[in-house]
Amino acid sequence: MAELSGKTVVVTGASRGIGRATALSLAQEGAQVIVHYGRHAREADQVVAEIRSLGSRAEKISADLSAPDGPHRLAKRAKEIIGGRLDILVANAGIFVPASIEDLTIEEFDRLFAVNVRAPLFLVQQLRSIMCTDSNVIFISSLAARSPIGGHAAYAATKGALETIVKYLASAFGPHDIRVNAVAPGIVETEMSSFVRTHEGRERTLAMQSMKRVGRPEDVARVVTFLASNEARWITGEVVQADGGSRL
Ligand SMILES: NC(=O)c1ccc[n+]([C@@H]2O[C@H](COP(=O)([O-])OP(=O)(O)OC[C@H]3O[C@@H](n4cnc5c(N)ncnc54)[C@H](OP(=O)(O)O)[C@@H]3O)[C@@H](O)[C@H]2O)c1
């Protein structure tokens with residue numbers, strides 16, 4: 001589908017879940033991938049090894065994106081590895097806090113916004129200098145941004161903020177032929193949504209979807225890969241819903 005031979009890619013949160021599947025999907029199309037991770041070094045090593053076995057280049061970088069200087073440190077190291085040209089940035093790393101409005105703490109709110117909003121925005125700022133004509137940025141939003149699920153207002157608000165950032169960056173970068181989009185998954189079976197592994201969680205998930213199976217990381221990864229490719233060259237400023245027809 002997408003010819004990404006020789007393209008340089010940074011995927012944040014690529015040690016697990018949707019980020020891992022995305023890193024592998026982009027590598028299958030020939031991209032060289034920086035596998036960013038937080039705490040799971042062994043999992044990141046496995047992703048790097050899998051990408052190399054596909055014949056693509058890969059390196060891992062650790063950076064805590066809840067720290068104010070996390071994006072800056074990640075960008076600095078990425079530039080040392082890939083040099084002067086970044087073709088694709090997938091800002092995927094994110095956290096979820098299952099707190100209702102009654103339970104939410106200030107610390108949880110700040111951490112959610114630090115990882116899910118501040119980090120991707122400053123990562124784009126720090127990598128902008130090595131984005132060139134035809135580079136593109138893809139954020140990972142969520143169905144939660146447009147449809148209340150479980151009452152987790154703060155998490156949903158981080159994704160709403162990301163979708164606003166998409167519009168602003170797409171507008172600012174368009175004249176430089178740099179595209180900015182987001183993919184908004186529904187429930188996807190990863191550690192973040194491990195409740196779908198219970199009978200009740202699975203039933204609740206299927207009840208709100210048109211398509212009657214639980215989403216897999218690869219379902220989202222292929223949409224990201226399409227958006228990252230030249231096939232999507234006329235799409236910018238968009239949020240693509242990839243949710244099996246959730247809450248239709
Ligand atoms: N799963 C879903 O149902 C779902 C639905 C809609 C949207 N999303 C979004 O999709 C994205 C990926 O979610 P997922 O389900 O794949 O999550 P996941 O399985 O929990 O993986 C999260 C990834 O983000 C990294 N990460 C988290 N906090 C970090 C930090 N402080 N510093 C650096 N890295 C950090 C983790 O790295 P380490 O493990 O190495 O620490 C891991 O690679 C998120 O933005 C999430 O909001 C998920």
Side-chain angles (χ1 to χ4, degrees), residues 11-19 22 36-40 63-72 74 89-126 137-170 180-198 200-202 204-205 207-209 214-215 217 220 224 237-244 246-247:
V11 182
T12 68
S15 51
R16 298 186 285 125
I18 293 169
T22 299
H36 161 265
Y37 69 101
R39 288 171 303 154
H40 289 87
D64 177 6
L65 295 181
S66 68
D69 66 346
H72 305 68
L74 168 55
L89 169 62
V90 184
N92 159 81
I95 56 169
F96 173 73
V97 174
S100 67
I101 190 64
E102 290 82 10
D103 306 329
L104 183 71
T105 66
I106 301 282
E107 291 72 24
E108 287 169 337
F109 180 92
D110 286 347
R111 204 168 127 71
L112 276 166
F113 272 81
V115 177
N116 292 4
V117 184
R118 184 179 70 193
L121 182 62
F122 280 93
L123 190 57
V124 173
Q125 180 200 64
Q126 294 300 305
V137 179
I138 297 161
F139 295 102
I140 305 299
S141 180
S142 171
L143 167 67
R146 72 181 155 92
S147 185
I149 311 171
H152 308 121
Y155 170 77
T158 65
K159 299 304 187 178
L162 266 190
E163 294 190 6
T164 300
I165 289 169
V166 166
K167 304 286 180 206
Y168 276 77
L169 296 187
V180 183
N181 292 293
V183 176
I187 308 293
V188 179
E189 187 177 343
T190 67
E191 289 308 309
M192 183 179 284
S193 288
S194 57
F195 65 89
V196 294
R197 293 173 188 150
T198 66
E200 194 212 330
R202 186 183 146 79
R204 259 194 297 135
T205 299
M208 72 174 192
Q209 291 180 190
V214 176
V220 180
V224 175
E238 289 297 331
V239 179
V240 177
Q241 315 294 331
D243 57 18
S246 294
R247 294 280 167 87

Here the side chain to side chain donor-acceptor pair (under 3.5 Å) pairs for residues 96-106, sequence neighbours left out, are Ser100-Glu102, Ser100-Asp103, Thr105-Glu108
Considering all heavy atoms of both residues, which atom of Val183 and which atom of Ala242 are nearest to each other, and what is their separation? CG1-CB, 4.0 Å
How long is the gap from NE2 on His40 to CZ on Arg16, to the nearest 0.5 Å? 5.0 Å
Ala145 to Gly160 - nearest heavy-atom pair and separation: CB-N, 3.8 Å
Would you mind listing every side chain to side chain donor-acceptor pair (under 3.5 Å) that reaches into residues 149-159, with sequence neighbours excluded? Asn116-Thr158
Rounded distance [0.5 Å steps], OG in Ser141 versus CD1 in Ile165: 10.5 Å
Pro71: partners by side-chain contact (heavy atoms from CB on, under 4.5 Å), with sequence neighbours left out: Leu65, Ala119, Phe122, Leu123
So the salt bridge (Lys or Arg N to Asp or Glu O under 4.0 Å) pairs with at least one residue in residues 138-154 (sequence neighbours excluded) are Arg146-Asp243
Glu189: side chain to side chain donor-acceptor pair (under 3.5 Å) partners, not counting sequence neighbours: Arg197
Do you know which two heavy atoms are closest between Pro120 and Val115, and how far apart they sit? CD-O, 3.3 Å
Any side-chain to backbone donor/acceptor pair from Asn181 onto Glu238? Under 3.5 Å, distance only. yes
Value rounded to 0.5 Å, distance of CD in Gln126 from CG in Leu74: 10.0 Å
Enter the distance from Thr22:OG1 to Ile138:CD1 here, rounded to the nearest 0.5 Å. 8.5 Å
Restricting to side-chain contact (heavy atoms from CB on, under 4.5 Å), what partner residues turn up for Ala114, sequence neighbours left out? Arg118
